[in-house]
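Just below is one structure, and these are the notes that go with it.
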Amino acid sequence: MIMKKTIDLLNEVMDMGFDREYALSGIDASLDEVLGFENRKPLMDETISDELYNDILSGFECEKEFE
């Protein structure tokens with residue numbers, strides 16, 4: 001399974017034009033729901049599956065289309 005860093009996801013979402021706090025809030029909410037709050041790691045250390053990374057990114061892409 002390919003794993004990607006959560007910090008990279010945050011940076012990619014910010015590159016799409018989203019504010020850091022907004023992006024972080026959305027990513028955190030998604031990861032808390034999927035992984036559970038108690039299973040989270042610090043942003044710089046956390047890795048998530050390629051599939052989860054792409055699912056969250058896709059959500060932000062859809063949101064961007066409706067702006």
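We use all heavy atoms of the structure for the numbers below, so side chains are in, but hydrogens, waters and symmetry mates are not.
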(message) I want to check something: taking the side chain as every heavy atom from C-beta on, are Ile56 and Val13 in contact at a cut-off of under 4.5 Å?
(response) no
(message) Enumerate the salt bridge (Lys or Arg N to Asp or Glu O under 4.0 Å) contacts for residues 7-23, please, sequence neighbours excluded, ordered by first and then second residue.
(response) none
(message) Distance check, rounded to the nearest 0.5 Å: Asn11 atom CG versus Met16 atom CE?
(response) 13.0 Å
(message) Distance check, rounded to the nearest 0.5 Å: Leu35 atom CG versus Glu46 atom CD?
(response) 6.0 Å
(message) Could you work out, with salt bridge (Lys or Arg N to Asp or Glu O under 4.0 Å) as the rule, every residue matching Lys5, not counting sequence neighbours?
(response) none
(message) I'd like to check the salt bridge (Lys or Arg N to Asp or Glu O under 4.0 Å) partners of Glu65; sequence neighbours left out, ordered by chain and number.
(response) none
(request) Can you sort out the partners of Glu61 under side chain to side chain donor-acceptor pair (under 3.5 Å), two or more places apart, ordered by chain and number? (result) none
(request) Could you check Leu9, Thr6, Leu31 and say which one makes a side chain to side chain contact (heavy atoms under 4.5 Å, CB included) with Leu43? (result) Thr6
(message) Give me each pair satisfying ring-ring contact (aromatic ring centres under 6.0 Å, His included) with a member in residues 23-50, each pair once, sequence neighbours excluded.
(response) none
(request) Verify the neighbour count for atom NZ of Lys41: are there more than 12 heavy atoms of other residues, nucleotides or ligands below 6.0 Å? (result) no
(message) Tell me every residue that passes side chain to side chain contact (heavy atoms under 4.5 Å, CB included) with Asp55, counting only those two or more places apart in sequence or in another chain.
(response) Glu51
(request) Tell me whether Ile27 is reachable from Met3 by hopping between hydrophobic residues (I, L, V, M, F, W, Y) whose side-chain heavy atoms are closer than 4.5 Å. (result) no
(request) Can you run down the side chain to side chain donor-acceptor pair (under 3.5 Å) pairs that involve residues 26-36, sequence neighbours left out, and say none if there aren't any? (result) Asp28-Arg40, Asp32-Arg40
(request) Identify the heavy atoms of Met14 and Ala23 that sit nearest to each other, and give their distance. (result) CG-CB, 4.4 Å
(request) Only counting residues at least two apart or in another chain, list the ones meeting ring-ring contact (aromatic ring centres under 6.0 Å, His included) with Phe18. (result) Tyr22, Phe60
